[in-house]
2 protein chains.
Amino acid sequence: MLETKKPVKRYRKKRAESSSDDRAADIYRVAAELIREKGFDATSMSEIAQAVNLTKAGLYYYVPGKEELLNGIVRYGMETIEHGVVVPCQAIEDPAQRLREVVRRHTLLLTQIGGAITILTDEINGLSPKHRRAIVAKKRSYLEFVRETLEILKLRGLLRECTVGLLSMNIFSAILGVARWYRPGGQFEGAEVADEVADFVMAAVLKA
Amino acid sequence: MLETKKPVKRYRKKRAESSSDDRAADIYRVAAELIREKGFDATSMSEIAQAVNLTKAGLYYYVPGKEELLNGIVRYGMETIEHGVVVPCQAIEDPAQRLREVVRRHTLLLTQIGGAITILTDEINGLSPKHRRAIVAKKRSYLEFVRETLEILKLRGLLRECTVGLLSMNIFSAILGVARWYRPGGQFEGAEVADEVADFVMAAVLKA
DNA sequence: TGCATTCTACCGAGCGGTCGGTAAAACTCA
DNA sequence: TGAGTTTTACCGACCGCTCGGTAGAATGCA
């Protein structure tokens with residue numbers, strides 16, 4: 001996740017079941033889940049602290065501030081998209097296949113580590129202007145990547161007749177919408193949803 | 001200590017020309033816009049008061065409380081959907097035509113009175129459990145309406161092969177996603193977007 | 001005058017964040 | 001090895017501030 005302190009065995013009082021690798025990463029993970037459920041403003045530092053068995057003061061030993069906490073989560077989400085979607089898909093030559101993989105992989109990530117990626121798209125208002133600009137820029141370049149893929153499809157006459165700018169927005173709507181309702185352990189598996197969303201998008205994009 | 005009393009100099013500001021009757025409606029409208037821009041928690045009652053040229057106490061003459069304010073906005077949004085989408089579309093016999101109109105009309109409303117309808121889908125967490133349940137129930141029946149339309153299409157062999165439950169979620173994703181990016185006065189007209197989203201959905205739904 | 005409207009002045013609760021302090025683990029080095 | 005020292009990991013108490021909300025006086029209008 002993000003840089004953390006030395007790997008020191010802890011066993012203070014209760015809890016501290018080793019299992020997870022390190023405390024700070026734990027905190028960021030739990031915080032991401034809480035923030036996704038209740039929203040950034042509605043989630044207090046005390047709540048987050050309680051959720052990881054700390055007092056607020058104890059929490060501040062690991063986290064420099066609320067805004068930085070959010071920033072860490074968002075940056076992690078962005079990196080996950082970068083490594084898990086953009087990089088592998090840039091290697092795909094066929095534009096239709098590439099688009100399909102973008103949609104499938106992004107949706108799959110959403111179902112797997114929902115917290116960070118959902119927050120990434122929903123809570124950028126809580127960020128400082130500097131951090132917000134950085135995130136917005138990355139999102140824009142991701143959008144551009146998808147747009148270019150659509151342009152290639154258009155050139156080859158494979159695209160349904162439509163406005164490419166609006167089409168790309170619709171595609172992101174379909175992907176990000178999953179975060180609105182999907183909950184792990186529910187009726188559908190992540191892979192199932194990812195395939196279905198990919199089918200949905202491809203049917204909407206390609207010429208009939 | 002220092003003298004703190006201020007002179008009782010006061011002046012009377014001319015009231016806006018609007019009649020006092022729709023002052024409350026004005027307030028709800030402005031509040032909806034503010035809340036959509038900044039989020040419910042991040043929008044304070046003082047800000048809302050300022051936006052309608054009142055002090056906070058003055059605002060409370062018209063509004064019983066923050067939660068009730070949100071509830072009023074959300075209920076208005078729900079009624080708008082009801083009268084502007086569900087009722088007119090229930091009268092349409094042809095399932096494909098009906099689905100198309102649902103998507104088009106809902107999207108169009110989103111671009112026209114974005115505030116209330118966006119909040120309707122994004123800020124239900126701020127509601128009291130009672131009010132939240134009521135809204136969730138209405139949303140569910142709306143979803144069911146769309147689902148049934150899809151089932152009819154399936155029976156007639158017009159539906160692309162897919163899971164209907166997931167398809168309906170994808171359709172709502174496409175509609176609601178517009179609220180994420182659309183701003184009046186931008187690059188696209190509301191009607192343009194509504195048609196494009198409707199095309200997108202129909203292409204994704206119907207058998208090729 | 002009486003009523004509708006809007007004000008000033010204030011409250012308690014909860015927020016993000018800090019401070020001083022400390023038990024126990026980890027690190028020295030004779 | 002073990003006494004002395006430093007570091008890690010945390011807590012209780014508290015601070016300044018803003019929030020939603022209220023009491024009651026002041027004002028405008030019929």
Side-chain angles (χ1 to χ4, degrees), chain A residues 3-18 20-27 30-31 34-35 38-73 123 125-128, chain B residues 1-27 31 34-35 38-73 123 125-128:
Chain A
E3 62 204 316
T4 50
K5 291 298 167 188
K6 313 283 295 277
V8 180
K9 293 276 188 179
R10 301 251 5 100
Y11 71 96
R12 195 172 182 81
K13 292 217 163 186
K14 33 185 164 179
R15 280 251 47 174
E17 282 298 317
S18 49
S20 70
D21 35 13
D22 121 353
R23 203 76 206 271
D26 237 35
I27 289 171
V30 171
L34 279 177
I35 290 172
K38 314 187 28 173
F40 180 65
D41 292 312
T43 305
S44 72
M45 292 302 266
S46 313
E47 280 177 286
I48 295 169
Q50 219 168 2
V52 292
N53 276 316
L54 283 176
T55 57
K56 195 173 30 155
L59 174 64
Y60 270 86
Y61 176 76
Y62 293 98
V63 169
K66 204 187 184 191
E67 199 262 323
E68 263 304 327
L69 175 61
L70 177 61
N71 189 48
I73 292 170
E123 306 278 5
N125 290 342
L127 260 46
S128 71
Chain B
M1 248 178 118
L2 302 170
E3 41 186 323
T4 55
K5 267 303 148 203
K6 295 171 60 179
V8 200
K9 167 94 172 244
R10 52 177 71 255
Y11 65 99
R12 207 68 240 139
K13 206 183 244 178
K14 247 196 304 191
R15 257 259 309 281
E17 67 248 30
S18 63
S19 71
S20 57
D21 270 0
D22 18 54
R23 195 77 208 266
D26 245 32
I27 289 171
L34 279 177
I35 290 173
K38 314 187 27 173
F40 180 65
D41 292 310
T43 307
S44 72
M45 293 301 267
S46 313
E47 280 177 288
I48 295 170
Q50 217 170 357
V52 294
N53 275 316
L54 282 176
T55 58
K56 191 167 42 147
L59 172 64
Y60 269 87
Y61 177 75
Y62 294 97
V63 170
K66 203 187 184 189
E67 200 263 325
E68 263 306 326
L69 175 62
L70 176 60
N71 188 50
I73 292 170
E123 305 277 5
N125 291 340
L127 260 45
S128 69

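Values in this document were obtained by computation on a predicted structure and should not be read as measured data.
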Is the backbone N or O of B:S44 less than 3.5 Å from a side-chain atom of B:E47, with the two atoms forming a donor-acceptor pair by type? yes

Euclidean distance, atom CG of residue A:D22 to atom P of D:dT8 [Å, nearest integer]: 14 Å

Is there a side-chain contact between B:T43 and B:I48 in this structure, where contact means two heavy atoms from C-beta onward sitting under 4.5 Å apart? yes

Hey, is the side chain of B:T55 poking within less than 4.0 Å of OP1 or OP2 on C:dT6, counting only N and O atoms? no

Quick one: are B:R23 and B:L54 in side-chain contact, heavy atoms under 4.5 Å? yes

Rounded to whole Å, the OH-C1' distance (B:Y61 to D:dG24) equals 15 Å

Give the rounded distance in Å between these two atoms: CG of B:D26 and P of C:dT5. 14 Å

Between the protein and nucleotides 14-17 of chain C, which nitrogen or oxygen pairs are less than 3.5 angstrom apart?
unit_1	atom_1	unit_2	atom_2	d
C:dG16	OP1	A:K66	NZ	2.8
C:dG16	OP2	A:M45	N	2.9
C:dG16	N7	A:K56	NZ	2.6
C:dG16	O6	A:K56	NZ	3.4
C:dG17	OP2	A:Y60	OH	2.5
C:dG17	OP2	A:K66	N	2.6
C:dG17	O5'	A:Y60	OH	3.2
C:dG17	N7	A:K56	NZ	2.9
C:dG17	O6	A:K56	NZ	2.7

Between C:dT6 and B:R23, is there an OP1 or OP2 to side-chain N/O distance shorter than 4.0 Å? yes

Which nucleotide, C:dC7, C:dT5, D:dA13, lies nearest any side-chain atom of B:A57? C:dC7

Quick check against the 3.5 Å criterion: does B:K66 have a side-chain atom that pairs as donor or acceptor with the backbone of B:F40? yes

Expressed as a whole number of angstroms, how long is the span from B:Q50:CD to C:dC7:C1'? 15 Å

In whole angstrom, give the distance that lies between atom OH of B:Y62 and atom C1' of D:dG21. 18 Å

Between C1' of D:dT27 and CG of B:L54, the distance in whole Å: 14 Å

With a 4.5 Å cut-off on side-chain heavy atoms, are A:L59 and A:I27 touching? yes

Which whole-number value in Å describes the distance from B:L59 CG to C:dT5 P? 14 Å

Would you call A:V63 and A:M45 a side-chain contact if the rule is heavy atoms closer than 4.5 Å? yes

